[in-house]
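Structure first, then comments.
Basis for what follows: all heavy atoms, side chains included, without hydrogens, waters or symmetry-related copies.
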Amino acid sequence: MKQKTFAIQDSYDVVKYLDEIKNSDDYKNASAVLVNIFTERFQKDYISYLTGIVKNSIGKARIAGLTCIFGFSQGEFVKKSTVFTVFFFFESEIEILEYDFSKISVDEAKSSLVSKIDGRPDLKGIQVFTTPLKNNVTNDFLSSVSFEHCEVPIFGAGAGFEPSSAKSGLYIFGDGIYENGVVVTLFRGQNLKIYAESTLGWAPIGKEMVATDVLDKHILKTLDGEIAGDVFKKYLGVTSSDKFFENTCEFPLMFRRGGRWIARIPIEKDESGSVYFTADIQKGEKLMFSYGAKKLIMQQSFKLAEYMSRKNLEGLLLHVCRNRNSYLKEDE
């Protein structure tokens, strides 16, 4: 396979780059083409324009995309732009599944996805784009699908926004555009190899606390029987619901699941003291606060980069957690 990534600022850039792709030998010889689109523009009309021009210009391509706070192109950090990452597959195939939770139930979507991934020896990777900040249905869907039997790498991202902006205009998209859904890309090919790696950098600290009351799988009501908001006040000194994310992002809650440390970042606290997360926490799990040491985070990131550079990769996707951006700022 081959990969081409470019950042666009206006419609002229879109037309120019897509014409280059359409006339390239890579496109003509490809058995499948995937276009991942990452855009900082949250207007639905603009997203519709982008996807429409891709479909009209390079009809062989399938599209998966989301709104985000920034992107990377040609090894450079870019802002206030839209990034296209185009993958040309010469022996492999891709399939995109789109689930709109305003039209179908979580159970229906789960059943559809499981039927697509069960018994597929040629399935080598699953990319998932979600809308976790808009609803809890997405989180229920992801936590309700058991991937234990599925040994292929699973990776992806959630639609994001600047901390200072409103939460409106968060979208994922494929053939359609969704505020409340999941777009899944299946990568298939006998000779295809996909590596999915992650780096955390935060370290657990302090006492273990049991999640004693959890609502809708992502709202933490009590820890060790205490109101969750009171626990954050006791250990972090955070009392106000205003800028709750900004004041707690340095200290995610961590727990072990499947032999790995998992971090959960609170995004808000309501008047009752319940704390909201964008992914699931299970009742009975043992949680610990953690702290971020910038030096350790950077060391682990460089170590992972060095490891991946030895893989002789033909393509690379990088997803950066919004929390890393908020905490590390310029260092990120």
Exercise. What about Val15 and Ile21, same hydrophobic cluster or not, with Ile/Leu/Val/Met/Phe/Trp/Tyr joined at side-chain heavy-atom distances under 4.5 Å?
Worked result: yes
Problem set entry | Lys4, Lys60, Lys2 screened by salt bridge (Lys or Arg N to Asp or Glu O under 4.0 Å) with Asp26, the one that passes | Lys2
Problem set entry | Criterion side chain to side chain contact (heavy atoms under 4.5 Å, CB included) against Thr82, the qualifying member of Thr39, Asp13, Val14 | Thr39
For this session: Say whether, by atom type as modelled, one donor and one acceptor occur between the side chain of Arg120 and the main chain of Leu123 under 3.5 angstrom.
Result: no
Exercise. What do you reckon, are the aromatic ring centroids of Phe6 and Phe84 less than 6.0 Å apart?
Worked result: yes
Problem set entry | Exam field: side chain Asp213 to backbone Lys221, donor-acceptor pair closer than 3.5 Å | no
Exercise. Rounded to the nearest 0.5 Å, how far does CG of Leu97 lie from OH of Tyr99?
Worked result: 4.0 Å
For this session: First locate atom CG of Leu192, then atom CD1 of Ile94, and finally report the distance between them rounded to the nearest 0.5 Å.
Result: 11.0 Å
Problem set entry | Result of checking Ile63, Thr185, Val184 against Ile96 for side chain to side chain contact (heavy atoms under 4.5 Å, CB included) | Thr185
Exercise. Distance only, no hydrogens: is a donor on one side chain within 3.5 Å (strictly under) of an acceptor on the other, for Tyr178 and Glu98?
Worked result: yes
For this session: Ignoring hydrogens and angles, state whether a donor on the side chain of Glu91 or Asn191 is under 3.5 Å from an acceptor on the partner side chain.
Result: yes
Exercise. Any chance the side chains of Ser272 and Asp270 put a donor and an acceptor closer than 3.5 Å?
Worked result: yes
Problem set entry | Heavy-atom neighbours of Lys294 NZ exceed 12 at 6.0 Å | yes
Exercise. Taking side chain as C-beta onward, heavy atoms only, is Thr67 less than 4.5 Å from Phe38?
Worked result: no
Seminar exercise, completed: One should read off an interatomic distance between Ser102 OG and Asn180 CG, to the nearest 0.5 angstrom, of 6.5 Å
Exercise. Cut-off 3.5 Å, side chains only: do Ser301 and Arg324 have a donor facing an acceptor?
Worked result: yes
Exercise. Between Asp230 and Glu226, is there a donor-acceptor pair closer than 3.5 Å when you use the side chain of the first and the backbone of the second?
Worked result: no
Exercise. Honestly, is Arg264 close enough over Phe277, meaning NZ or CZ under 6.0 Å from the six-membered ring centre and within 45° of the axis?
Worked result: no
Exercise. Would a 4.5 Å heavy-atom cut-off, applied to side chains only, mark Leu34 and Val86 as touching?
Worked result: no
Seminar exercise, completed: Residues Phe87 and Gly315: closest non-hydrogen pair is CE2-CA, 4.4 Å
Exercise. Do you know which two heavy atoms are closest between Ser309 and Glu306, and how far apart they sit?
Worked result: OG-O, 2.6 Å
Exercise. Roughly how far, to the nearest 0.5 Å, is the OH atom of Tyr171 from the CD atom of Gln43?
Worked result: 9.0 Å
Problem set entry | Side-chain heavy-atom pair Lys22, Asp19 within 4.5 angstrom cut-off | yes
Exercise. Closest heavy-atom contact between Gly189 and Ser92?
Worked result: CA-OG, 3.9 Å
For this session: Output the rest of the hydrophobic cluster of Tyr307: all Ile, Leu, Val, Met, Phe, Trp and Tyr residues reachable through side-chain heavy-atom contacts under 4.5 Å, sorted by chain and number.
Result: Tyr195, Leu304, Met308, Leu313, Leu316
Exercise. How long is the gap from CZ on Phe155 to OG on Ser198, to the nearest 0.5 Å?
Worked result: 13.0 Å
Exercise. Do Tyr235 and Phe251 have ring centroids that are under 6.0 Å from one another?
Worked result: no
Exercise. Side chains of Leu220 and Leu287: closer than 4.5 Å at any heavy-atom pair?
Worked result: yes
Problem set entry | Heavy-atom pair of closest approach, residues Pro266 and Val275 | CB-CG1, 3.4 Å
For this session: Using distance alone, with no hydrogens and no angle criterion, decide if Thr212 and Thr222 have a side-chain donor and acceptor under 3.5 Å apart.
Result: yes
Exercise. Quick one: are the ring centres of Phe173 and Phe129 less than 6.0 Å apart?
Worked result: no
Exercise. Would Gln3 and Thr5 count as having a side-chain donor-acceptor pair, cut-off 3.5 Å?
Worked result: yes
For this session: To the nearest 0.5 Å, tell me how far Cys68 SG sits from Phe42 CZ.
Result: 7.5 Å
